[in-house]
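The structure appears below as structure tokens.
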Amino acid sequence: MNEIITYLGVLAVVSFIVYWFVKFKFVLPLETKLTFTKKTFSAFTSFSKDLLEHIYIPDTLDHYTDIVNYYLIKLHNVLPESNMLVFEKVDEQWKLINYFKNFKHEPKIMAGYAWDIFDKAAQEKDLTRVNISGGYDDVPIVSLLKTFDIKLITICPFMWKASNHKRLLIIGHEEDKRPEEINHYLKLLLLHINAIYKVSEKNIVLKKENSQLRNEISAVLNELDMAGSKLIQRAKERKALYEVVTQITGDNKDINFGCSAILNIVAKIVEADVAACLILDEDKNSLEVYPGAFGIQEKDYYGIPITNTESSSVRVFNEKKPFISSSAQTDAEVLTKYAKLWNIHSLMVVPISLHGKIIGVLRIGSSKENFFTDDQLEFLSIIADELALIIEMVTLYDNLSKTAKELAQSNSMKDEFLAAVSHELKTPLTTIKGFISVILSGEAGSLTAQQTKFLNITDLAVGRLNSLISDLLDLSRLTGKVEMEFEEVTIEDLVRHSTSNLIFKAKERNVKFRCKLDKNLKSVTADPKWLMRVIENLLVNAIKFSKKGSEIKIEVHNKGEALVVGVIDSGPGIAKDEQRLIFDKFYRGKNNSDKTPGTGLGLAISKSIVEKHGGKIWVESEMDEGAKFFFALPFSKKRVKCNLVAGDKNE
Ligand code: ADP
């Protein structure tokens, strides 16, 4: 029993000893290590949390430096016992640009050092550890570090400029304490600031592009704005100019309207109250207000001798230089009398030159003080010369329209006169012709052979005079309000009548008519009397110009919409340059011999008649190959009606 008790006692003592041995030897160190690891882990976790919670994206590279410094301070807070130095490579030398730790001696900021170990470490992506306690005594930078009891350094390159690690963070330790832990911190920090750099690099580029784009857009917008306002200004000018032109070229204008319209537009453009041209009057040797001034009554027009150099207008005229005044009624350089007369305070005067010669000045005024700008003065100078051209154009236009009016008037007087005279001549001529036939017949007594010969010549001359008067009368009727008597006519009948009327004339020259008429001819709406006049005119000419013994062809074709009549001869033909002239009144071609009778009216009359029927007349000819005259008449009555000239009442 005692043995058992003793055994149990020994067992208890041994167990106790074993328990405490194991506890001291293994459990307690493990527990201590665990507690330490826990502490380290929690410090690291809170550091990384801190970093992640404070991510700053810099706008500029300077801002990036500040942010990096901020993170370095955070690192320094968790590794307070370490020395932290930041070096930057400038001009092949490592310069200390920042540090975190109270050094015994203040290190020299921006002092430059060279050390190939730094150069090599800067190329690495990872950390480099260097034990400087044994060696490197001749390296100045190491001497500096040793002064502060640094024995070990960890070199940590970090991103500074894109793909170029030129900044180094140096962590210095007195001894090799917790290297793993420090490495974790540094690697995390490196990852963090490099990631921020990459993002910020993109951000900076984007921002730069953005601001560039914004600048470009605002430049474009500015340009557009300027172009827009210029366009609006141009459009305003165009509109005003258009108004002027339409009014100048329109009806109901008085002589001075042109100038007044121009001054009106100039005044509108510069928002002036008064605009006037003072043009040199060479007889009076003075500048006189040109009629049509804007904003001034005629009673306030004035003239100023060009010897009066106190007048700004005279000086501008003589010196050919524009003048501007912001207060014309008190300006010593202006004749205030006239400024007051026109009630203007701001004044611009520019010379007007025409074909290189100054002819006057343009005076623009405003009732407001300080109103005009140098830009407006420049604008006026540019348009003043244009103005001179317009004044010249308006004057020419006025003169021309006056001449045209006079011409039209005298033309119509001439027509009236011709109509009256022809009518008056016709009656006595008929009487003369009647008496000649009576005398020639012998009813008034017998005649000698010579008397008969003279009377025959007189009869011929009277006949020609008669036909000239008939032509003139016809023409005057056609240019006036002739009344056509339209009816359905058969062209074959008209051709037959015309040829039989002229058969004797044809025989005199031994020419024959040959008619070629289409079978399917339809009737046309026409005035038979006038239409026969056309056919006969063409036939008379053909007889006149045909060679003796030749043939004249008369063709009539149905061309669908129109009836075409042709008179074709084998005469001398008509030169190309004359073909459009022969239809003019009184034009007689060069192919007429002195003896060829004629008035130069036949074709003009024919053209007028055909056109009154809504048709067309033309000639086709080659020299020495005869002439082919054609006229076409539309079948449709409607067309004939539409083409009647105003005043023709027949429908
Ligand atoms: P006129 O025959 O009285 O001179 P017209 O008006 O009939 O006047 O003709 C004008 C001109 O056209 C003629 O002077 C002549 O030069 C030319 N002419 C007209 N018909 C012919 C023709 N068949 N052949 C050549 N020339 C012609």
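Keep in mind that this is a model prediction, so the values were computed, not measured. Atoms within a ligand are numbered from 1 in the order they appear, just like the ligands themselves. FYI, side chains are in, hydrogens and waters are out, and symmetry mates aren't considered; it's all heavy atoms of this structure. FYI, the numbering just counts along the sequence from 1.
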Ligand-side contact atoms (ligand 1) for residue partner G589, heavy atom cut-off under 4.0 Å: 11 (C), 13 (C), 14 (O), 15 (C), 16 (O)

Within the 4.0 Å heavy-atom shell around K544, which atoms of ligand 1 are there? 1 (P), 2 (O), 3 (O)

Can you tell me which portion of I574 lies within the under-4.0 Å heavy-atom range of ligand 1? Options are side chain, backbone, both, or neither. side chain

Per-atom contacts of ligand 1 with G598, taking only distances under 4.0 Å to non-hydrogen atoms: 3 (O)

Protein heavy-atom partner closest to atom 14 (O) of ligand 1 - residue, atom, separation in Å: N592 ND2, 2.7 Å

How far is atom 18 (N) of ligand 1 from its nearest protein heavy atom, and which residue and atom name does that atom have? F545 CE1, 3.8 Å

With a distance cut-off below 6.0 Å to the six-membered ring centre and an angular limit of 45° from the axis, does R363 pair with W342 as a cation-pi contact? yes

Could you tell me whether D569 and ligand 1 have an N or O pair separated by under 3.5 Å? yes

Please identify which atoms of ligand 1 are closer than 4.0 Å to at least one heavy atom of L601. 6 (O), 8 (O)

Classify the ring geometry of Y302 against Y338: parallel below 30°, tilted from 30° to 60°, perpendicular beyond 60°. parallel

Please state which protein non-hydrogen atom is closest to atom 25 (C) of ligand 1 and give its distance, to 0.1 Å? N591 ND2, 3.4 Å

For the backbone of G626 and the side chain of S621, can you confirm whether one donor and one acceptor N or O come within less than 3.5 Å of each other? yes

For atom 12 (O) of ligand 1, grab the closest protein heavy atom and report residue, atom and distance to one decimal in Å. I582 CG2, 3.3 Å

Test item: S441 side-chain N/O and V438 main-chain N/O as donor-acceptor pair under 3.5 Å: yes

Spell out, as yes or no, whether a donor-acceptor pair under 3.5 Å connects the side chain of D569 to the backbone of I552. no

Please identify which atoms of ligand 1 are closer than 4.0 Å to at least one heavy atom of L603. 5 (P), 6 (O), 7 (O), 9 (O), 10 (C), 12 (O), 19 (C)

Are K607 and D584 ion-paired here, with the side-chain N under 4.0 Å from a carboxylate O? no

Where the side chain of S311 meets the backbone of V314, is there a donor-acceptor pair that is under 3.5 Å apart? yes

Region of Y587 that comes within reach of ligand 1 [heavy atoms, distance under 4.0 Å]: backbone

Does F629 have a non-hydrogen atom less than 4.0 Å from ligand 1? yes

Any side-chain to backbone donor/acceptor pair from D527 onto K529? Under 3.5 Å, distance only. yes

Starting from atom 4 (O) of ligand 1, which protein heavy atom do you reach first, and at what distance in Å? R588 NE, 2.8 Å

Looking only at distances, please establish whether an N/O atom of ligand 1 is found under 3.5 Å from an N/O atom of G600. yes

With a 3.5 Å distance limit and no angle check, can you tell me whether S446 reaches the backbone of G442 through a side-chain donor-acceptor pair? no

Is there a donor-acceptor contact under 3.5 Å from the side chain of Y301 to the main chain of A293? yes

Minimum-distance protein heavy atom relative to atom 7 (O) of ligand 1: N541 ND2, 2.9 Å

